[in-house]
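Accompanying notes for the structure given below.
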Amino acid sequence: MTSVVTPLDQPSNYKDSQSRVDRQKQHDLLHKSTTLYIGNLSFYTTEEQIYDIFSKCANPEDGGGVKRIIMGLDRHTRTPCGFCFVEFYTHAEALASMRYISGTKLDERIIRCDLDLGYRDGRQFGRGKSGGQVRDEHRQDYDPGRGGWGAQAQKAEIERKHQAEQRYEDADRIGPMAIGGEEWRLAFATSTVESTLKRARSPDDEDDGSRQRTRVDEDTGRM
């Protein structure tokens, strides 16, 4: 009878693009795999935290247990970038982790577990152009657990700030002309002084001027 519920211990259809194994061989290897790929981790999740949660599915009394944990690292900075590999001693332990841990929260993030063909040296590094994971390369949302904005968005923001700083530096080198010119400043200052002097004249000054013009007009006989 066909089950209407998808089993939680079945691997996904993901295939490593760098693997040389065909689909059938991959299927056979996954049915014996003791390695898990763990995704959607916070950059701040530690190896100790991962060991603590995955050891709950280990069976040391049957010769099992967590064999090793390989943290995913940024290719350039060698800092965690949100994934890891967990190796068990038995296939049953890996399946139990997929059943009971995949889809649960670790550091307030829902983590994903998937059976893996097996760790090879070099797979611990992110494959994105910026050094981290490809999924964080073009991400447009802000995710504080995964370094904030996506790598391309961060690069664009850094470039924008650099251009703004460059414009300010150019303005400083050019001097007063960058904000209107020294001649404009002098003209403005002169007009301000003249305006102040005009406002300083009193009505008495104007009356004296009128009386002087009247006396001149009387002397000359002109109105």
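Side-chain contact annotation: Asn59 with Glu93, donor-acceptor N/O pair under 3.5 Å absent. Side-chain N/O atoms of Gln152 and Arg139 include no donor and acceptor closer than 3.5 Å. In the model, Ser33 has no side-chain atom that pairs as donor or acceptor with a side-chain atom of Thr35 under 3.5 Å. Judged purely by distance below 3.5 Å, without hydrogens or angles, the side chains of Thr79 and Asp74 never pair a donor atom with an acceptor atom. Gln24 and Asp28 share a side-chain donor-acceptor pair at under 3.5 Å.
Hydrophobic clustering of Ile, Leu, Val, Met, Phe, Trp and Tyr side chains at less than 4.5 Å, counting indirect connections, keeps Tyr44 apart from Val86. Residues Tyr37 and Ile69 fall into different hydrophobic clusters, defined by Ile, Leu, Val, Met, Phe, Trp and Tyr side chains chained together at heavy-atom separations under 4.5 Å.
If you take CH2 on Trp149 and OH on Tyr142, they are separated by 8.0 Å, rounding to the nearest 0.5 Å. Atom CZ in Phe83 sits 10.0 Å away from atom CZ in Phe43 (nearest 0.5 Å). A distance of 10.5 Å separates CG of Asn40 from OG of Ser102, quoted to the nearest 0.5 Å.
In this structure, Arg75 contributes its side chain and Gln124 its backbone to no donor-acceptor pair below 3.5 Å. Remark: the backbone N or O of Gln49 is paired with a side-chain donor or acceptor of Thr46 at under 3.5 angstrom.
The aromatic rings of His31 and His27 are tilted relative to each other, their planes meeting at an angle between 30° and 60°.
Heavy atoms only, all atoms of each residue included: Leu30 and His91 are closest at O-CE1, 3.4 Å. For Val66 against Phe88, the heavy-atom pair with the smallest separation is CG2-CE2, 3.7 Å.
Lys129 is linked by a side chain to side chain contact (heavy atoms under 4.5 Å, CB included) to Glu137, counting only residues two or more places apart in sequence or in another chain.
Of the residues Thr45, Ile111, Ile38, the one that meets the side-chain contact (heavy atoms from CB on, under 4.5 Å) test with Cys84 is Ile38.
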